Amino acid sequence: MTKKTAGNPQAISQTLVPEYIRNLKVYQAGKPIDELTREKGLTRVSKLASNENPLGPSPYAIREMTNALWDIHRYPDMHAYALKTQLSELYNLKPENIALGNGSEGIMAYIARAFLSPGSEVLTSENTFIGFYILARSVGAQLNLVPLTKDYRYDVEALAKSINEKTKIIYIANPNNPTGTYITKEEFDHLMEYVPDHVLVLLDEAYFEYAEEYPDYPNSMDYRYDNVITLRTFSKAYGLSGIRVGYGFGHEDLITNLNKVKLPFEPNLIAQRGAVGALKDRPHLERTIQTNTKLLKECENFLKAKDFEPIKSITNFITIKTGSEEASNHLFQALLDEGVIIRPLKANEMANFVRISIGTEEEMDHFYEAMEKVLPTFNDKFARVSL
Ligand SMILES: Cc1ncc(COP(=O)(O)O)c(C=O)c1O
């Protein structure tokens, strides 16, 4: 008897995978350092592409994670008691109000799973965090996108006008990635006047620690809206992108529903302990913010001196207009040849822009040196277009 031939994956993809998943594009992350080192044989590589903390994690976090290695034959605490206790003390909340996940994107995935279904309408802005678009589309939701304002900010007025009876979630990245801009307290209050009680507002505050010093930045913890879920992360200012821990706050009814669809042992044991360690090291966080504030300003000045007009950012990255997709690609490739990885923004529908994450002092010097080398050719090739 002959063995039956192997299966037919194309037919499976065609019949089993819903169209809204077949239409998705795989998320493109920033180019990893190892990849560039391998490809170009470079020894000096500076990655300024994924808005990470260039100072690295706190030694407290490293100590906790190292100790945790001895326990990895055990499942993690599915209630994450230690981490939730620490977060609840820090923010004066009950543990029932706290959601945890594999990065804040992990929690976004639970939100999509728990609150959205095929045909649900989600309202947000164009040119915002792509990860959210993918997650909403992956459950068949329809995205209603409002353009940014001329100064690259969420258009709160247009969002308010676009709420309809089918809107289930309004997603706001505040500050926004990839523009680095934010909605103010006044704008947030204004928007909330238009949001019906049954609509969920998802406030993504991944860059909160960088933004909180701005007096008109609306820290969601100062508000009491029971239809808002706040998302924050250990991936940015806490320097723990690699272990994937995010946290969120919301009314316990909402968090209970998220927990029903959550994989029980996320975040993993090392991630839970690392986050606990990171929260204990306030000076590391303060150093991170101070260093970023100084280097962000310097980078802004450098770019202005080179006739770019950076979008005013309150985060750990800065976005500039290059003039065209070709110019963005040219700059990206030319800097790669010099060992500097930045981020072209085609995937964010901003093909004529690039984004630069703020690195260490040494990495920024590398970026400036590389720019000095590549700009003469860039300027010859591409006429400079102002914002
Ligand atoms: C606005 C925004 N939200 C969420 C995330 C995802 O963060 P996490 O690593 O916590 O999943 C990012 C990462 O770049 C981001 O820019």
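In each ligand, atom 1 is the first atom listed, and ligand 1 is the first ligand listed. Computed from a predicted structure; not experimentally measured.
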TODO: Taking Asn176 for its side chain and Tyr182 for its backbone only, find out whether a donor-acceptor pair lies under 3.5 Å.
DONE: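 Judged by distance alone, no pair lies under 3.5 Å.
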Open item on the list: Quick test of your reading: applying side chain to side chain donor-acceptor pair (under 3.5 Å), list the pairs with at least one residue in residues 67-85, sequence neighbours left out, ordered by first then second residue.
Closed with: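 Pairs touching residues 67-85 that pass the test: Asp71-Arg273.
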Name each donor-acceptor pair under 3.5 Å that joins a side chain in residues 277-286 to protein atoms two or more places apart or in another chain, with its distance.
{"unit_1": "Lys280", "atom_1": "NZ", "unit_2": "Glu64", "atom_2": "OE2", "d": "3.2"}
{"unit_1": "Asp281", "atom_1": "OD1", "unit_2": "His284", "atom_2": "N", "d": "3.2"}
{"unit_1": "Asp281", "atom_1": "OD2", "unit_2": "Ser58", "atom_2": "OG", "d": "2.7"}
{"unit_1": "His284", "atom_1": "NE2", "unit_2": "Gly56", "atom_2": "O", "d": "2.9"}

- [ ] Would you please classify the geometry between the Tyr223 ring and the Phe188 ring as parallel, tilted or perpendicular, with 30° and 60° separating the classes?
- [x]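 Geometry flag for Tyr223 against Phe188: perpendicular rings.
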Open item on the list: For Tyr207, run the side-chain hydrogen bond (donor to acceptor under 3.5 Å, both in side chains) check against Asn51, Asn316, Thr315 and tell me which one passes.
Closed with: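 Single side-chain hydrogen bond (donor to acceptor under 3.5 Å, both in side chains) partner of Tyr207 among Asn51, Asn316, Thr315: Asn51.
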Open item on the list: As a test of reading the model: which residues have a non-hydrogen atom less than 4.0 Å away from ligand 1?
Closed with: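 Ligand 1 is contacted, at a heavy-atom distance under 4.0 Å, by Gly103, Ser104, Glu105, Met108, Phe129, Asn177, Asp204, Ala206, Tyr207, Thr233, Ser235, Lys236, Arg244.
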Task: Partner residues of Glu157 under the side chain to side chain donor-acceptor pair (under 3.5 Å) criterion, sequence neighbours left out - done: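 Partners of Glu157 by the side chain to side chain donor-acceptor pair (under 3.5 Å) criterion, ordered by chain and then number, come out as His190.
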